[in-house]
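Written below as structure tokens is the structure these notes are about.
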Amino acid sequence: EYYRWEQWMFTRLMEKGIAYRKTAPVNWCPVDATVLANEQVIEGRCWRCDTEVERREIAQWFLKITDYADELLADLEQVDWPEQVKTMQRNWIGRSEGMEVEFEVPGQDSLQVYTTRPDTLYGATFMAIAAEHPLALAAAQDNPDIAAFIEICRKTNTSEAALEKMEKLGMALGIDAINPVNGEAMPIWIANFVLMGYGTGAIMSVPAHDQRDWEFARKYGIEIRQVVEPADGAAIDLEAGSFVTKDGRCCNSDILDGLEFNVAFDAIADRLEAAGKGRRQVNYRLRDWGVSRQRYWGAPIPVIICSNCGMLPVPAADLPVVLPEDVEFEGIGSPIKRMDSFKQVSCPQCGGAAERETDTFDTFMESSWYQERFTCVDQGEAMLDARADYWAPVDLYIGGIEHAILHLLYARFYHKLMRDEGLIKSNEPFQRLLTQGMVLKDGSKMSKSKGNTIDPQDLIDRYGADTVRLFIMFAAPPEQSLDWSDSGVEGAYRFLKRLWSAIQLHVESPAEQASATNKSLGDEQKAMRLKLHETIRKVSDDYERRLTFNTAIAANMELLNSVARFDDDSATGQAIRQEVFDAMVLMLAPIIPHICHRLWADLGHDSLIIDHPWPTVDESALVQQSIEMVIQVNGKLRGKMQIDADADRASCEAAALANEQAMRFIGDSPVRKVIVVPGKLVNIVI
RNA sequence: GCGAAAGUGGCGGAAUUGGUAGACGCGCCAGAUUUAGGUUCUGGUAUCUUUGAUGUGAGAGUUCGAGUCUCUCCUUUCGCACCA
């Protein structure tokens, strides 16, 4: 049922033109005859058979996430997410304002190129195109050297990291493109770092002002021509490294000379647009989402390919397209790709013989909308119903930081697709986000695929689930990565035992009725209540705002240490102790629920702890008559003083200057300045 | 290579808004209890040449004052579009 609606949604997206098919590069192992994930390519070779992997262009389905790029960028303002995650998404989307420029190629189709730096057009000295570019393929037909070089270019993993790290290789095509600004002929090179699938498959190269172009030009002896100079007119050394900046002024650029970036951009853009040689264009680094997988395990893509009618969505009445389970695995490729009972169908339009799409969906499709569907899993008539709108958006989404870009961006995109289909009203799926750090084992990510996971069951068997929960929550704040170690679990166990026996000791002594308000309390009693209510305030903030459970636990440990030292047998003392234990058990219950459930009953409550409200801060307990202030001399801690909580700046300053410790360090030196930070410190500058 | 983070005692970590560095816990040391070990309890525990000085990956800078802000660099982790 889940993937039935996913398939249904895809057919809707096909009809809207958001789902479309085009070719894209994949890693191909020629021996296993299978597509490999980037992860499965180890140093350019297949992980299973060690064969050198090739790049192949195959037809695949895409979702036009680029149509939503601007909205995905803008709506980051609406969500309460960590700034680092928003930044990563912004950079990933990578909005840039530039130009599409047309370079004529005599006797051929012209080359289309996107550039963010049209102001450097006079410095362009060559063009670089992908190995799969039509110009390259045409040239290869009667030039075996070029054909051989194209083969070399195909020996590259499709991952961006691999493309950036590999040795940059190129070969001149032997034909030129014409620079539209000055009519100069520039050589066209095939380069292994340009991919056909991304952008137009061709770039213009300005080696004086781009690091990668510079390295390529140096390697192949191509001219490096400076067209931007530093604003202060300083000389730059083109032999030592490129000068990459927008903070300069154009030079050697005809009409642009002396202009700053923004002005030069507009000047050249107006001129190219007027000449019909280019147009301003906003581009995104973001590429459309490839959702096809040539694998068996997945939801079948609901498409029928008919030689007469083309690509047709499977009609809603025929959904779901069920993944066959009576398959035979032969170790090579997906079994449904050679399964006629699955593949052979009749065309829903013309009735003639047709074939099913045998690719399945990327599993990111499933993880993109479960948070809505799980509110209405029994709904058989629609993808979502009103319950989804009741619950969505998710108040607090918790997931690993490794999902900061892909999963979270796809889920945001899919939510907007469902919104535009009228299935949900909200704009964003996740209002607040907590990204957990990685749990590492011996320095690298603990994961199922790496097989280095630790099962907590042994610890649970030995210490109980409460101890293990407490220990894990205490180990580090959730956003931080943590190298797993179980040293220290004893400390959590000891804390539970201390908490248990402290409360048993308390309930065994006779409790008399007494009120624990701050009126007529002794100093020790006031201090105990101050500590309690400070702790409630801090722990509430840790849970709700900071999400730092380790410090919430530490504060409760401090509170237990304080109440253990609180040696007061009076009825009032006993009442205060009851107040402390009640609050402590409530505050710890989310972390150690089992023991707290029991301790709550032991503390004499008839109701269940889960029905009891969170403890509240008694503001009157927080009022202090005198506070401690730090005294610094020249920024160094030299003493401390007790002073009235409402003392003004002048009296703080006077008290600090009169302080014995401070005077020792001041000596005869003249006091130049005194800085008073109310409630905190006094700094005497000498 | 690019993007995002992190780096603090022997260890995990705390310091929330530029204001007492090392909370809390582990480990370790000493003592009490115990026939002994374990448990439990108490005290101590950054370093040093200790009237004090130094100290938050390295180096510079801003400031009365920097773990916190700025710049350069180093190391580690996550992500880089087919692991999910």
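Numbered from 1 within each chain, the chains take letters A, B, ... in sequence-line order. Because the structure is predicted, anything quoted here is derived from the model rather than measured.
Put simply, A:Gln480 has a side-chain N or O that comes within less than 4.0 Å of OP1 or OP2 on B:rG13. Distances shorter than 4.0 Å separate some side-chain N or O of A:Arg293 from OP1 or OP2 on B:rC82. Contact annotation: A:Arg638 side-chain N/O to B:rG65 OP1/OP2 distance is not under 4.0 Å. An OP1 or OP2 oxygen of B:rG25 is reached within less than 4.0 angstrom by no side-chain nitrogen or oxygen of A:Asn550.
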Paired and unpaired positions of RNA chain B as dot-bracket, Watson-Crick or G-U wobble under 3.5 Å, | denoting a partner strand: (((((((..(((......[....)))((((((.......))))))(((...)))..(((((..]....))))))))))))....
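Side-chain atoms of A:Asp542 lie closest to B:rU16 of the nucleotides B:rU20, B:rA84, B:rU16. For A:Lys673, counting side-chain heavy atoms from C-beta on, the closest listed nucleotide (B:rC82, B:rC64, B:rU20) is B:rC64. Distance from the side chain of A:Asn561 is smallest to B:rG25 among B:rG25, B:rA4, B:rA81. Which of B:rA15, B:rG12, B:rA4 sits closest to the side chain of A:Met88 comes down to B:rA4. Checked against B:rC64, B:rG1, B:rU20, the side chain of A:Glu164 finds its nearest nucleotide in B:rG1. With B:rG3, B:rU20, B:rA5 as the choices, the nucleotide that has an atom nearest any side-chain atom of A:Asn91 turns out to be B:rG3. Which of B:rU54, B:rA4, B:rA81 sits closest to the side chain of A:Lys636 comes down to B:rU54. In this structure, the nucleotide among B:rU16, B:rU51, B:rG13 sitting nearest to the side chain of A:Pro477 is B:rG13. Taking every side-chain heavy atom of A:Ala554 into account, B:rA23 is the closest of B:rU16, B:rA81, B:rA23. You'll find that the side chain of A:Glu160 is closest to B:rC80, out of B:rC80, B:rC82, B:rC64.
As a whole-Å value, the separation of A:Leu637 CG from B:rG67 P is 13 Å. The interatomic distance linking A:Gln436 (CD) with B:rU77 (P) rounds to 20 Å, in whole Å. Atom-to-atom, CD of A:Glu402 to C1' of B:rU77 comes out at 12 Å; the value is rounded to the nearest Å. The CZ-C1' distance, from A:Arg672 to B:rC64, rounds to 9 Å in whole Å. Taking atom CE on A:Met641 and atom C1' on B:rU20, their separation rounds to 13 Å, with Å as the unit. If you take CG of A:Asn556 and C1' of B:rA23, they are 14 Å apart, rounded to a whole angstrom. One atom, CZ of A:Phe549, and another, C1' of B:rU16, lie 15 Å apart when rounded to the nearest Å. Taking atom CG of residue A:Asn27 and atom C1' of nucleotide B:rA81, one finds them 12 Å apart after rounding to whole Å.
Rounded to whole Å, the C1' atom of B:rG9 lies 16 Å from the corresponding atom of B:rC29. Comparing B:rG3 with B:rA58, their C1' atoms sit 24 Å apart, to the nearest whole Å. Atom P of B:rG38 sits at a distance of 26 Å from the matching atom of B:rA23, rounded to the whole Å. On the P atoms, B:rG52 is 27 Å away from B:rG57, given to the nearest whole Å. B:rA14 and B:rA21 are spaced 10 Å apart, taking the C1' atom of each and rounding to whole Å. Between the P atoms of B:rA60 and B:rG55, the separation comes to 11 Å (whole Å). For the P atoms, the distance from B:rU62 to B:rU68 is 15 Å, rounded to whole Å. Between B:rA36 and B:rC26, the two P atoms lie 25 Å apart (nearest whole Å).
Note on A:Trp289: nothing from the nucleic acid sits closer than 4.0 angstrom, heavy atoms only. Heavy atoms of A:Ser367 sit nowhere under 4.0 angstrom from any nucleic acid atom. Using a 4.0 Å heavy-atom cutoff across all strands shown, A:Ala161 reaches at least one base atom of the nucleic acid. Residue A:Phe665 is classed as a sugar-phosphate contact, given heavy-atom separations below 4.0 Å to backbone atoms only. Residue A:Glu558 is in sugar-phosphate contact alone, with no base atom involved, counting any heavy-atom pair closer than 4.0 Å across all strands shown.
Checked by distance alone, A:Gln211 brings no side-chain donor or acceptor within 3.5 Å of a matching partner on the base of B:rC2. At a cut-off of 3.5 angstrom, counting only N and O atoms as typed in the model, there is a donor on one side and an acceptor on the other between the side-chain of A:Arg295 and the base of B:rC82. The base of B:rC82 lies outside donor-acceptor range of the side chain of A:Gln40, with no N or O pair under 3.5 Å.
Side-chain atoms of A:Ile472 and A:Trp484, non-hydrogen and from C-beta on, do get closer than 4.5 Å to each other. Using a 4.5 Å cut-off on side-chain heavy atoms (C-beta onward), A:Val633 and A:Val685 make no contact. Residues A:Val563 and A:Phe581 have side chains in contact (heavy-atom distance under 4.5 Å, counting atoms from C-beta outward). Looking only at side-chain heavy atoms (C-beta outward), A:Gln436 and A:Ile401 stay at 4.5 Å or farther from each other. Within the 4.5 Å cutoff, no side-chain heavy atoms of A:Cys652 are placed close to those of A:Pro678.
A:Leu36 contributes atom CG, which lies 9.5 Å from atom CG of A:Asn157 (distance to the nearest 0.5 angstrom). To the nearest 0.5 angstrom, A:Gln60 atom CD is 10.5 Å from A:Asp362 atom CG.
Between A:His407 and A:Phe430, the angle of the ring planes lies from 30° to 60°, which puts this pair in the tilted group. Using bins of under 30°, 30° to 60° and over 60° for the plane-to-plane angle, the ring pair A:Phe329/A:Tyr296 lands in the perpendicular bin.
Ionic pairing of A:Glu132 and A:Arg55 is present here: one or more N-O contacts between side-chain nitrogen and carboxylate oxygen are shorter than 4.0 angstrom.
Counting only residues at least two apart or on different chains, the salt bridge (charged side-chain N to carboxylate O under 4.0 Å, His left out) pairs with a member in residues 401-414 of chain A are A:Arg412-A:Glu428.
Where A:Pro25 and A:Ala476 each meet RNA chain B at their nearest nucleotide, the meeting point lying more 5' is that of A:Ala476. Comparing A:Asn38 and A:Thr87 by the nucleotide of RNA chain B that holds the closest heavy atom to each, the one mapping nearer the 5' end is A:Thr87.
A ring-centre distance under 6.0 Å is not found for A:Tyr397 and A:Trp81. A:Phe62 and A:Trp289 have their aromatic ring centers separated by at least 6.0 angstrom. Centroid-to-centroid, the aromatic rings of A:Phe193 and A:Phe216 come within less than 6.0 Å.
Within residues 492-500 of chain A, the residues having any heavy atom closer than 4.0 Å to RNA chain B are, in order of number, A:Arg494, A:Lys497, A:Arg498.
For B:rG9, the glycosidic angle deviates from 0 by 90° or less, giving a syn base.
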